[in-house]
Amino acid sequence: MNILGISCHYHDSAACLVKDGKVVVAVQEERFNRLKNSPDFPINAINYCIQEGGITFDDLDYVGFYEKPYLKFSRMVIGHLRSWPFSLNNFLNTMPNWLQDRLVIPITIEKEVGFKGKVIFIKHHLSHAASSFLVSPFEEAAILTADAVGEWATMTYGVGRGNKIDIQKEIRYPNSLGLLYTAITTYLGFTAHEGEGTVMALASCGEPRYVDKLKGIVMVKPDGSHMVDERFFGFNKGSRMYTNRFLKSFGPERKPGGRLEDRHKDIAASLQKFTEETLIAVARHVQDKTRLNKLCLAGGLFLNCVANSKILEQSGFKELFIQPAAGDSGGSLGAATYIYHCVLNKPRDFIMQHAYLGTGYPSNYIKRVILNRGVSFRELEDGELSRFIAREISCGRVVGWFQGKMEFGPRALGNRSILADPRNPDIKEILNEKVKHREGFRPYAPVILEERAGEFFNLECKSPFMLLAPMVKEEKKALIPGVVHVDGTARVQTVSKAINPRLWHLIKDFENITGIPVIINTSFNLRGEPIVCAPEDAISCFQRSQMDYLVLENFVIDRMKNNK
Amino acid sequence: MICKRCVLPEHRPDIVINEEGICSVCLEYDKLKQPPNKPLETDFIKLLNTYKSKGEYDCLVMCSGGKDSTSALYYMKKRYKLNPLAFTFDHGFETEDAVENIRNAVEALGVDFLFFKSDFMLEMFSEMLKTDSKAVLCHPCSIWYMDLAFKTAFRFNIPVIIAGWTKGQSTRQPLMSRCGCGVHQPEFYSMAKATNEFLDSYVKKNPKYRDFPRSMEEVLARAKLRQKCVVLSPHWFLPFNSEDYVETIKKELKWKLPGLSYPANSTNCYLNFLSVHNSMKNYGYTHYHVEMSKLIREGLLSRQEALKSLEMNFPREMLDSIAGKLGCRLDE
């Protein structure tokens, strides 16, 4: 039984192949077409899924789409009518997309993929719920989803048992925490669907002085349900997601790239605090209603690792599961798994233990690429490679680390990563200067041996997908200053020997040299670009940055030896 | 002097190597601001759906017994679940290994097989060797083969001809429909011109070849008048490299690597050796150098691998024997 899941046409397009209930391939289109957060129909990702999955297009039994376009269209039309005539331009701009792409998905699939079988449409938030619960280790769990907006729902909760998902309540558009977060992200001069993480980091630099103001425009009940005062927002009205009334209340917007004032930091801090408080209230309510100890989270809002940690600490739930592609790319995974388990009533026996579901390249291919670029390199055996790179990192070098299969979701989790020494207090500036060129207030994340995580962080569970941000233990802060955020947290990834032995051994070797079982892990890309996918992308990124080494499987490229 | 990046030698004015040792073809490739979109398998499926057969066979597969055409046949039958007609011709110089590979493949796949044997071309080959023409032996042969393929496809009402051409033998859509012959590329310009001139003069003189097409363009023009037909290769659209599919056809179709081949690990007819010998003599490179250089630029082959494959290690006696069959002697 082969099911292809697809998500596309908004942001983070992706495709996923589920074979007999197992997720065998999952990959975002942006990695192939090199357009960050690409909304395009994921034709490259689909081709890759079929070929890597070892099947042919004729072998596909079902295609699952991650939302119901007609339902979404109805919301779009009603939303525009409610804002008429201010929404006219927006309406005219979006209509061609609806008519050409979004409302003709089965036609597109038949035309582009040649698939004439059944295409099943799963509601957006149900896809999110399925993407988390159905691949979680839990037999029974509460499920909470939240993002900007699906068809009508912006937040849902329910219960998953075995292979069934029961969505019990939903909050509907325009009442949306996700839209609020995105609107204020753009107000602060960052890009929608991309800059939310930056705002989360900025939040730690400010004081939450505007929380009461936010509570004035988004009414929150004790159960966390909320209602947005639409007079402050204009989600359908034009190029801006907020109104003049919002500007009157919060002051002028920050232009992209403009100076960051304390006011901006305080607004970010307030937004983050307000979001956390609301999510915690919702989660508490869900816990109260379901009386379950385990919670599955999904939806773009739960890429907010700071909020996730607070939910775990304060909601009453004992265990949390969030899969790495919690945003819309994960919708493809949810659609495919929902069809297999819930529509076709097949039992579950797959747990998503890692995110390494994307492209991989054999050594001979990589070697060809290196040779053809005329780059000088050397090949090291596994142990030697690990010891050598660990030593170089400990000497302050910055290393591009390209190994095995690419991660699914927005995080680089050690296979398409840039690695550096967390002991160096200046490493953030070095990384920013050499490679990432990002805002100075954004922290870099640590990856730690799973078995040692409790020693360094207030973390009692695994964090394999870098979706929790626990506090760094006070006595350890001075040991790893490079990864401690201004608020004392760190966005931790834990790595186990069984799941990623190569990365585990590298950190172990780093520990043997330094006594610290932690390395900095940041995504292998330049600012504004998607994470590298193929060896060609990695070499190009390396050549356009100032990284010291590039490691492609066992091949090591040394910048010093290639500087002419 | 060979280009430092690919394996093409300098051949002025077509191929010029600059001070850094990089050839003009590689430099032109670098100038492409955006790499050409890589064709996807779904593009192939779309084309197959566009050219759906109304007859008994879905496609005509040109089989040489080599790894690329054998795997193309395999893909059409197994991956795309079509009903192909396998088609091979023997101009009298086909190797035993190649013929055995084809027989094994068609038997294992259970596909119908058309084997065409003729000495029609011998006189032309012989004339090419006897005159001082620099025409490449393989060129009129491929013109003839392609013409035969189109005629056969027309006879059986088949709208798709499948060849086993690699990504080094053109992946660009406009060239696909022109059989990927790429005669307008600078690397082929002199060779194509010599072939064209030979055919122009020779065909006029010999009534036997009165109807012989003068160029690949003419083959296509004639075919277009007969029917709507497209020539495709699955290798242009699939990401699998030859290491992958060689393993498959070895296992499933009892495909064997021939004892002697040029380039290494390929399967070609005996005349190919002579053609390679003459091309090297006349131009300093062969069409295989062009193909492999393209594969290098596309990152699908390393320069070292290409240089190794292109090493000429076939015995002189064999060349003499092949030339002897055409009533000729090779120059020392």
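Scope of the values below: all heavy atoms of this structure, side chains included, with no hydrogens, waters or symmetry mates. A, B, ... follow the sequence lines: proteins, then strands. Residue 1 opens every chain. It should be emphasised that the depicted structure is a prediction, and the values quoted were computed from it without experimental measurement.
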Would you mind checking which part of [X] comes under 4.5 Å of any heavy atom in chain B, side chain (CB onward), backbone (N, CA, C, O), both or neither?
| X | value |
| --- | --- |
| K111(A) | backbone |
| N47(A) | side chain |
| I43(A) | both |
| I46(A) | neither |
| N364(A) | side chain |

request  = For the pair E243(B) and R368(A), find out whether any cationic side-chain nitrogen is under 4.0 Å from an anionic carboxylate oxygen.
outcome  =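 Here E243(B) pairs with R368(A) in a salt bridge, since their nearest N and O are under 4.0 Å apart.
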task = May I ask you to say whether K78(B) pairs ionically with D58(A), meaning some side-chain N is under 4.0 Å from a carboxylate O?
result = no
For chain A, find which of [options] contributes the most heavy-atom pairs closer than 4.5 angstrom.
| options | answer |
| --- | --- |
| R303(B), R5(B), K46(B), K4(B) | K46(B) |
| L301(B), I45(B), N49(B) | L301(B) |
| L48(B), L238(B), I296(B) | I296(B) |

query = Side chain, backbone, both or neither: which part of F240(B) has an atom under 4.5 Å from a heavy atom of chain A?
reply = side chain
query = For the residue pair G299(B) and V369(A), what are the closest heavy atoms and their distance?
reply =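 Distance-wise, the nearest heavy atoms are O-CG2, 4.4 Å.
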ask   = How far apart are the closest heavy atoms of Q51(A) and F237(B), and which atoms are they?
value =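 Shortest heavy-atom contact: NE2-O, 4.4 Å.
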task = Rounded to the nearest 0.5 Å, what's the gap from CG on N372(A) to CZ on R297(B)? Could you check?
result = 10.5 Å
query = How long is the gap from OH on Y48(A) to CG on L40(B), to the nearest 0.5 Å?
reply =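 That separation rounds to 14.0 Å.
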task = For R79(B) and D59(A), run salt bridge (Lys or Arg N to Asp or Glu O under 4.0 Å): C-alpha distance rounded to whole Å, both residues' side-chain angles, the deciding distance at 0.1 Å, then the answer.
result = CA-CA 10 Å; R79(B) 192 167 180 89; D59(A) 298 330; over 6 Å; no
task = Count the heavy atoms of every other residue, nucleotide or ligand shown that sit under 6.0 Å from NZ of K367(A), and state whether that count exceeds 12.
result =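 No, not enclosed.
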